[in-house]
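A short worksheet on the structure shown next.
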There are 2 protein chains.
Amino acid sequence: MSLPSDPIDPVLADALFRPVRAGNAFEETMERMLQAIRLGVVPPGGRLPPERELSARLGVSRVTLREALRALQESGHIESRRGRYGGAFVQLPSSDPLPPPGDVEDTLTLRYALETGAAEVAASRSLTPQVRRHLRSCLADTATSGISDYRRTDSRLHLAIAEATATPSLTAAVADVRTRLNALLAAIPVIPANLTHSNEQHKAIIDAILDGDAVAARVGMAEHLAGTAALLRGFLA
Amino acid sequence: MSLPSDPIDPVLADALFRPVRAGNAFEETMERMLQAIRLGVVPPGGRLPPERELSARLGVSRVTLREALRALQESGHIESRRGRYGGAFVQLPSSDPLPPPGDVEDTLTLRYALETGAAEVAASRSLTPQVRRHLRSCLADTATSGISDYRRTDSRLHLAIAEATATPSLTAAVADVRTRLNALLAAIPVIPANLTHSNEQHKAIIDAILDGDAVAARVGMAEHLAGTAALLRGFLA
DNA sequence: CGCCAATGGTCAGATGCTGGTCCTTTGCGG
DNA sequence: CCGCAAAGGACCAGCATCTGACCATTGGCG
């Protein structure tokens, strides 16, 4: 019963007829909040936007958003305080079970395309002083961070590069693939030797971007990603 | 009232607190079907998968899917036939109002990152004979197509390159950005001179991919995209 | 010291979406 | 020529979600 009369490319069919929504509104909302917390976009101790604003931004009713927030509260990720100047404050949960990792090669290849592209585009632009400062700041944070918060500062640096492209869709895509990558990285330890090596590569990439050297930025990022990819393939093979 | 206690990066906040869902289930389902039709994944005269299969794939109830199909029927995109060997068959609608174009630079930059990355990755892989044939076939279709169906065959060729990466996420991302691009392209005419120039570039890109020359594939794609980008910026400036 | 604005907490009614079931149409194959 | 399998068409009960309003708490400010 192969095909009655359908010469449809099965690969493209999988791409286009993929699920319209990854889960119900509650699940997707919670994933987003977890993403913001895990990527360090809202730092530990920081406050999330008010419920009304968040629900409006996410395009979700406040009831649904609150369900997600309550779940995050019970899992120890946030703490809610009432009254004016209250809100949801990010905590450091004792245990944080990451979602199951997806397809490794799919994630790594998508990451390669997105982040090498982002590095090249960022280097091709004339960056504002604020953006240049932010890049340098994130680089310094990564270089001086210990093993415990390396993953978060590293995420922030890579996101800063994506931001420097001034391309919202690209920034969002990089954030998403970074979340998938972190789910993979959770399975392997942070090794100090790799850490110092990464820091050297980070510096080379940021220097190239600040110099406007698109080729060097791309090549530097490609080498950097190859290192992480090799590490992951080794551990998850 | 700048910030009460929120040192949250507003750019990243926009990226992470973006809407969880683009619309209701009906709207998103209809967008997907239109995407499949407009990109030529299901060719004119071709049959869509059965309702039950489609609803399962899209993760949407059959009722909702049928609402979308009925809308497509009333807009002249498909025709439904009952009985065994029936189904929904793609028509050529007389008028097809495209959705309003989004941010031009955002679309073009994201496209640059995704498609140059896809070309490089495709060239880096050892392609199966089927994939090689498919690439050559799509290239030939594009070269021999007239003005009327150039946009569709061109879309198919670019999608074929994405498929060659064997990376589902990348394929889906390229398909999405291509849909956004087509919304922009709808505003400008197809010019024969540009068409022949594009065909030369297409041949260079596919040759590079088939030769496994990653650098040439990337550079060729970058030049090709720059041409379209310049054209669009000129018309939409 | 008391008011007030901003925030989280709660609820009821309306609407959307789902899952399941059954009906109708159609054409191939026995 | 008839029966069956595969497809679209239609319906309904129940759950999920949204809308909108109102209540409760808190800390700064007048």
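All of these numbers come straight from a predicted model, not from anything done at the bench. Lettering follows sequence order; numbering is per chain, from 1.
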Self-check item: Rounded interatomic separation in angstrom, taking CE from A:Met30 and P from D:dT17
Solution: 14 Å
Quiz prompt | Distance in angstrom units between B:Asn24 CG and C:dT18 P, rounded | solution = 10 Å
Exercise. Report the distance from atom CZ of A:Arg111 to atom CG of A:Leu232, rounding to the nearest 0.5 Å.
Key: 8.5 Å
Exercise. May I ask you to list the residues of residues 58-68 of chain A, by number, that have any heavy atom positioned under 4.0 Å from an atom of DNA chain C?
Key: A:Arg62, A:Val63, A:Arg66
Quiz item: Is there a donor-acceptor pair under 3.5 Å between the side chain of A:Ser55 and the backbone N or O of A:Glu51?
Solution: yes
Quiz prompt | Check: A:Arg52 main-chain N/O paired with A:Arg62 side-chain donor or acceptor under 3.5 Å | solution = no
Sequence neighbours left out, cut at 3.5 Å: what donor-acceptor pairs do the side chains of residues 23-42 of chain A make with other protein atoms?
from: A:Asn24; atom 1: OD1; to: A:Phe26; atom 2: N; distance (Å): 3.4
from: A:Asn24; atom 1: OD1; to: A:Glu27; atom 2: N; distance (Å): 2.8
from: A:Glu27; atom 1: OE1; to: A:Asn24; atom 2: N; distance (Å): 3.3
from: A:Glu28; atom 1: OE2; to: A:Ala22; atom 2: N; distance (Å): 3.4
from: A:Glu28; atom 1: OE2; to: B:Arg21; atom 2: NH2; distance (Å): 3.1
from: A:Thr29; atom 1: OG1; to: A:Ala25; atom 2: O; distance (Å): 2.7
from: A:Arg32; atom 1: NH1; to: B:Leu16; atom 2: O; distance (Å): 3.2
from: A:Arg32; atom 1: NH1; to: B:Arg18; atom 2: O; distance (Å): 2.6
from: A:Arg32; atom 1: NH2; to: B:Pro19; atom 2: O; distance (Å): 3.4
from: A:Gln35; atom 1: NE2; to: A:Ala175; atom 2: O; distance (Å): 3.4
from: A:Gln35; atom 1: NE2; to: A:Asp176; atom 2: OD1; distance (Å): 2.9
from: A:Gln35; atom 1: NE2; to: A:Thr179; atom 2: OG1; distance (Å): 3.0
from: A:Arg38; atom 1: NE; to: A:Asp96; atom 2: OD2; distance (Å): 3.2
from: A:Arg38; atom 1: NH2; to: A:Asp96; atom 2: OD1; distance (Å): 3.0

Practice problem: Spell out, as yes or no, whether a donor-acceptor pair under 3.5 Å connects the side chain of A:Asp141 to the backbone of A:Thr153. | Solution: no
Exercise. Could you check how far CZ of B:Arg47 sits from P of D:dG8, rounded to whole Å?
Key: 7 Å
Quiz item: With no hydrogens and no angle check, is any side-chain donor or acceptor of A:Arg180 less than 3.5 Å from a backbone partner on A:Leu108?
Solution: no
Self-check item: Whole-Å distance separating the CZ atom of A:Phe26 from the P atom of D:dC15
Solution: 18 Å
Practice problem: Take the protein atom CG of B:Leu48 and the nucleotide atom P of D:dA7, then report the distance between them rounded to whole Å. | Solution: 13 Å
Quiz item: Any donor-acceptor pair under 3.5 Å joining the side chain of B:Arg81 to the base of D:dG8?
Solution: no
Self-check item: Exam field: side chain B:Arg47 to backbone B:Gly86, donor-acceptor pair closer than 3.5 Å
Solution: yes
Quiz item: Per the side-chain contact (heavy atoms from CB on, under 4.5 Å) rule, which among A:Asp103, A:Val104, A:Thr228, A:Leu98 passes with A:Leu184?
Solution: A:Val104
Exercise. For A:Glu53 and C:dA6, give me the distance from atom CD to atom P, rounded to whole Å.
Key: 13 Å
Quiz item: Between atom CD in A:Glu51 and atom P in D:dC18, what is the gap in whole Å?
Solution: 14 Å
Self-check item: Value in whole Å for how far the C1' atom of C:dC17 lies from CD of B:Glu28
Solution: 13 Å
Quiz item: Hey, what's the ring geometry for A:His202 with A:His158, parallel, tilted or perpendicular (30° and 60° as the breaks)?
Solution: perpendicular
Between the protein and nucleotides 26-29 of chain C, are there any N/O to N/O pairs under 3.5 Å, and if so, what are the atom names and distances?
from: C:dT26; atom 1: O2; to: B:Arg84; atom 2: N; distance (Å): 3.0

